[in-house]
There are 2 protein chains.
Amino acid sequence: MGVVCGERKNRVKKVEGQPSKNLMAERRRRKRLNDRLSMLRSIVPKISKMDRTSILGDTIDYMKELLERINKLKEDELDVGTNQMNLVGMLKELKPNEVLGEKFPQGMFDVERRNIDTRIEICCAAKPGLLLTTVNTLEALGLEIQQCVISCFNDFSMQASCSEVGEQQTGISCEDIKQALFRNAGYGGRCL
Amino acid sequence: MGVVCGERKNRVKKVEGQPSKNLMAERRRRKRLNDRLSMLRSIVPKISKMDRTSILGDTIDYMKELLERINKLKEDELDVGTNQMNLVGMLKELKPNEVLGEKFPQGMFDVERRNIDTRIEICCAAKPGLLLTTVNTLEALGLEIQQCVISCFNDFSMQASCSEVGEQQTGISCEDIKQALFRNAGYGGRCL
DNA sequence: GGGTACACGTGATGC
DNA sequence: TGCATCACGTGTACC
């Protein structure tokens, strides 16, 4: 139990000069450890008790909480990320004309029928009066614009859903409409 | 120097039964502390050394890193949040007609000049042929549409930037354009 | 061998 | 008083 007498002095006599150095080193070590502990205590916001054990325990809890918050934030960012992708996709779908030049040097004209609707999609180079003549052409073909989104900045883009008016139901084909719009836009009589 | 003999026993004789209990308590305490330290070491991913001091130091660094990551994520979320707000704002600006009914029962017609541009903003109830007549009206007034976004779903919305053509510069006032568009949309001769 | 880090038992202190 | 925690000096193992 640590109670020893004479013979022990002989055992440790050769390290007589050492203890003081070891003592100082141990003191420095304890100081470093306590400093780190103080830093930890100053960083962790929720300290239940000033115990060394409690400090470490609270630190562990706090780190777990931080990790959870990071996971939550990452999930949220993923969500809004996809949402933003959707919005960007919508905008791109709305006006794909900004990248028209490389993809459709001759413009893009698409007409198709869905039930009673005639869906028209145009994307071509803009020029003065094109909007007016296009709307005029559609009316002349007996197509009434029900819903549409039009934008003309660098290019002219139009997406419209039309219904046929008057008695001339099915009197005109999608291809005819397409050719009429194509010519109206100033291109030749043939399109891709 | 820790080397003591008989007389020391006498000094602590009154607490003879105590040391063993304190000893066990101290052992338990040390064990708890080491357990927490092990948990910390298992949680923190980057452990430079197995030192107690290093473990605490690495824990501190890791916590700071986690806090930075949280701040980064929060900033990002704020950014995409505002970006999304911008996009939503753009879309709302593009077609505020969806909420037209409550806000502008008589439609909204705005015309103003900016340098050589005439900016027109219309938001009113949709009706067949309105797009055509509106474009026609603008042309009749000597206004050539340079840039525009038009949408007609539940309501008709148009934002256009026009330039005056021909020799009739400044021959027409913003108010005149406004009244013309207002009448063209089917309303009376007066608008808000 | 000199240096470092840890575990240990112990005394002191606070509640 | 009893119980828990801490600081301390020391012994010892590892490079």
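Each chain gets a letter, A, B and so on, in the order its sequence line appears, and its residues count up from 1.
- Hydrophobic clustering (ILVMFWY, side-chain heavy atoms < 4.5 Å, transitive): L67(A) and I60(B) are in one cluster.
- Taking each heavy atom of I145(A) and A160(A) in turn, the nearest pair found is CG2-CB, 4.5 Å.
- Distance, K21(A) NZ to dG2(C) C1': 8 Å, rounded to whole Å.
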Side chain to side chain contact (heavy atoms under 4.5 Å, CB included) evaluation trace for V111(A) with D176(A): CA-CA 9 Å; V111(A) 178; D176(A) 289 340; over 6 Å; no
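- Partners of T53(A) under the side-chain hydrogen bond (donor to acceptor under 3.5 Å, both in side chains) rule, at least two apart in sequence or in another chain, do not exist in this structure.
- Between F109(A) and Y187(A), the ring planes lie perpendicular to each other; the angle is over 60°, past the 30° to 60° tilted range.
- At a non-hydrogen distance threshold of 4.0 Å, nothing from residues 36-57 of chain A comes into contact with DNA chain C.
- Under the rule for a side-chain hydrogen bond (donor to acceptor under 3.5 Å, both in side chains), S42(A) has no partner lying at least two apart in sequence or in another chain.
- Protein atom CG of L23(A) is 11 Å distant from nucleotide atom P of dG11(D), rounded to whole Å.
- Taken residue by residue, residues 25-35 of chain A places heavy atoms nearer than 4.0 Å to DNA chain D at E26(A), R27(A), R30(A), N34(A).
- A search for side-chain hydrogen bond (donor to acceptor under 3.5 Å, both in side chains) contacts involving K46(A) returns nothing, not counting sequence neighbours.
- In this view, S163(B) and Q146(B) satisfy the side-chain hydrogen bond (donor to acceptor under 3.5 Å, both in side chains) rule, not counting sequence neighbours.
- Atom CG in N22(B) sits roughly 13 Å away from atom C1' in dA7(D) (whole-Å rounding).
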